[in-house]
Every structure is written in C-alpha cells, then in structure tokens.
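Just so you know, ligand 1 is whichever comes first in the structure, and atom 1 is the first atom listed for that ligand.
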Amino acid sequence: MRILIFGASGRTGQVLDSVARQSGYEVLAPAHAECPLEQSRQLSDYVLASGAGVVVNCAAISGLEACAADPLQAHLVNAVAPAAMALACRHTGARFVHLSTDYVLDGRRAGVKDEGAKCRPINCYGESKREGELQTLEALPGAVVARVSWVCGNPARPSFIESTVMRALEGQPLAAVADKFSYPTAAEDIARAVLALAAGDYGGIVHLTSSGEPLSWWHCATLALQAAVEQGALAAAPPVQQQQLDGVPFFREPRPRHTAMDTTLLTAGLGIAMPTARQTISNAVEKLLRYRAAAAHVSQRFGTRGFTIDNLRLTN
Ligand SMILES: NC(=O)c1ccc[n+]([C@@H]2O[C@H](COP(=O)([O-])OP(=O)(O)OC[C@H]3O[C@@H](n4cnc5c(N)ncnc54)[C@H](OP(=O)(O)O)[C@@H]3O)[C@@H](O)[C@H]2O)c1
C-alpha cells in the first residue's frame, strides 16, 4: 500500500519514513518545496492525485517563537493544511492520521489528562494546533488526531535528551527546566503506533506518548545521563543545574507546565503498547551512542569531508 507522508524531513517524519518502508509500504514523501502546505489548492491536488491509501501529516511549524512571529503562516500550515488533507482523504477514502500536541492543553493543573480534558492553549502554536485538530475532525470525523509530546529518539534531529548527552560528552555545563512536566516519546514508537492506527478503524483524538510518572526536563536530563553512564559512555553523571521555566531567557512564548497525557485509550482501548518514559529515555541514549559510534567509524575510515553526522541514517 502507498503511504503519503508530509513533513518526512522532520524529527518524527524521518523515522516514520524509515519504519513505513521497513513495514512494506511504498512511501511518497514530498519535500517542503515540492508541496508547500500553505498552498491549499496545490496540497489538495497533491493528495487527490497521490493514490495513497494512508496519509500521515508530520509537518508543522512546531517552533513556538516561529508561530508567534508569523501567526498567519502558523494558522495556514498547522490548521488549514491538515483540514485540506482531511477533506481530500474524504474524497479518496484514504485513512488520515494527523499529529498534534500536548500544547493544546493549558497545563495549569498537575496530573495526567485524558482525551476528554478541556483544551485551552496558551500560545500561538497551541492555538493553531488546536484549530488543526478541530478542522481536521470536522472535515473527516474518521481521521485520527494523535497528540504526541517531547519527541526524541532521532539522533539526526536531536531533542533535548540527545543534546544533554552530547553536551555532557563534550564537558559542557548542563542546565534544564525542573518545573514543567510531560512525557518524552520516541519517534520510532510514534511511527509504529501511527501505522497501527492507520490500519485500524478508530476515528478521533488519541494520546500517543510514553507513560509512567510525568517527568520534568531536568528529570529527563538526569535519567539520560544515568543511561549514558550505564551504557559506558560517561564515567559519572555530571550535575545538571535546575532552572525555572519563567527564568529561561530565550523562551519568549509561554509554555504550559503540566501536559502529561493519559494513554489508556491507546494502550488498553486500542491495544497499542508504549514503553515507559524511563525506557524511552534509555532507548534514545542507546540509539544516540550507536549513531555517534557509526559516524566516528565512517569519518575515521573515509575522512570527514562531505560526511557529517547529519547524513548518516540509522533506523533502529
Ligand atoms: N518535536 C516535538 O517535541 C513535538 C511535541 C509535540 C507535538 N509535536 C508535533 O509532532 C509533529 C511532528 O513534529 P516534529 O518535531 O517531527 O516536526 P519538525 O521536526 O519541526 O518537522 C516539521 C516538518 O514540517 C515541514 N514543514 C514545515 N513547514 C512546512 C510548509 N510550509 N510546507 C511544507 N512542509 C513544511 C518541515 O519541512 P522543512 O524542514 O523542509 O521546512 C519538516 O519536514 C508536529 O505536528 C508537531 O506539532 C512535536
């Protein structure tokens, strides 16, 4: 079956592309320039002509500050585009899975939230993503809107978990926010769950994250360093300075504090297993270390010219 993936150059999309190929899909993955999502007509025509049985939208303007700097573009890409994809899928009969975010929640209350929790985004990114959820489901009620959080596990597109370990390996000082909580989620687990959701018949919102005790970025960073010690990359875990969310100077947009999402619907309801947050972090570190070792091997063997860590792809 053919799968059409938007945003296949991004952190999640890259991994979905690989996992879908490994799972036997024929992948169609238009680059940004080939199908700019703010061009609704071109986008609809692309989906209609694609012959895809499954369409997955991993594309977004996912930077909070970027969304605030250009709210119209954020609305066009994060809200209007998925609705156009959904409408086109209604015509073709394709299954549509759209990725959304925990940032549709306001995060004021501690604890995990299920799919029925009230949405009240507190920044432009969250507003555009919430609008995308609503417009997608209005255009195609059978679509799947999968909310993910803190995507990690793609060493070619490092998240804060990989960055923490890389900084520690370089002996740089470490600091992380200790008063904001959610779940890290591996791109590969998202990819496998997305394919399972596409193969099923569920329609609506579903929370797609790891599980366990909600973690702060600081807690994630310390667990990542512990994993690096256990896996032999560091002799001892260096200290990580605790930061307050309100004290991060380059965060110009507000971030919700408590956005850990309940995954009972995904796991118990739809039978799609997800690892715990701790296991997710350990797996991400293992993947990063293997990736770095492979990159070092290649540059030792062939020289570094023309070969950077970014153009090495490891899929598992
Ligand atoms: N990363 C996270 O921690 C996180 C957390 C919660 C939710 N999410 C959601 O998960 C999904 C995937 O996120 P991600 O972090 O993997 O994304 P990402 O790395 O930021 O990648 C975004 C993708 O969208 C493409 N794109 C952006 N603007 C476009 C446009 N105008 N036309 C066509 N393509 C465009 C990008 O292409 P170019 O790079 O070529 O521009 C890239 O392939 C998104 O829906 C995001 O909101 C992510």
- Qualifying residues under side chain to side chain contact (heavy atoms under 4.5 Å, CB included), relative to A143, sequence neighbours excluded: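 Partners of A143 by the side chain to side chain contact (heavy atoms under 4.5 Å, CB included) criterion, ordered by chain and then number, come out as F96, T136, L137, L140.
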
- Among R147, K129, M85, find the one that has a side-chain contact (heavy atoms from CB on, under 4.5 Å) with H98.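 In the set R147, K129, M85, the residue that makes a side-chain contact (heavy atoms from CB on, under 4.5 Å) with H98 is K129.
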
Considering only non-hydrogen protein atoms, determine which one is nearest to [atom] and report residue, atom name and distance to 0.1 Å.
{"atom": "atom 4 (C) of ligand 1", "answer": "V151 CG2, 3.7 Å"}
{"atom": "atom 12 (C) of ligand 1", "answer": "C58 O, 3.3 Å"}
{"atom": "atom 10 (O) of ligand 1", "answer": "V148 CG2, 3.6 Å"}
{"atom": "atom 5 (C) of ligand 1", "answer": "W150 N, 3.6 Å"}

- Nearest heavy atom to atom 32 (N) of ligand 1: which of I61, T12, L37 does it belong to?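 Ranked by closest heavy atom to atom 32 (N) of ligand 1, first place is L37.
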
- Considering only heavy atoms, which of A60, G7, A187 lies nearest to atom 22 (C) of ligand 1?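 Nearest option to atom 22 (C) of ligand 1, by heavy atoms: A60.
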
- Fit a plane to each ring of H258 and F181, take the angle between them on a 0 to 90° scale, and name the class: parallel (under 30°), tilted (30 to 60°) or perpendicular (over 60°).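 Parallel, since the angle between the ring planes stays under 30°.
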
Give a yes/no verdict on whether any heavy atom in [X] is under 4.0 Å from an atom of ligand 1.
{"X": "E38", "value": "yes"}
{"X": "Y125", "value": "yes"}
{"X": "A81", "value": "no"}

- May I ask you to list the atoms of ligand 1 that are less than 4.0 angstrom from any heavy atom of C35?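 Those of ligand 1 that fall under 4.0 Å from C35 are 33 (C).
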
- D45: salt bridge (charged side-chain N to carboxylate O under 4.0 Å, His left out) partners, not counting sequence neighbours: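 Applying salt bridge (charged side-chain N to carboxylate O under 4.0 Å, His left out) to D45 gives R41.
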
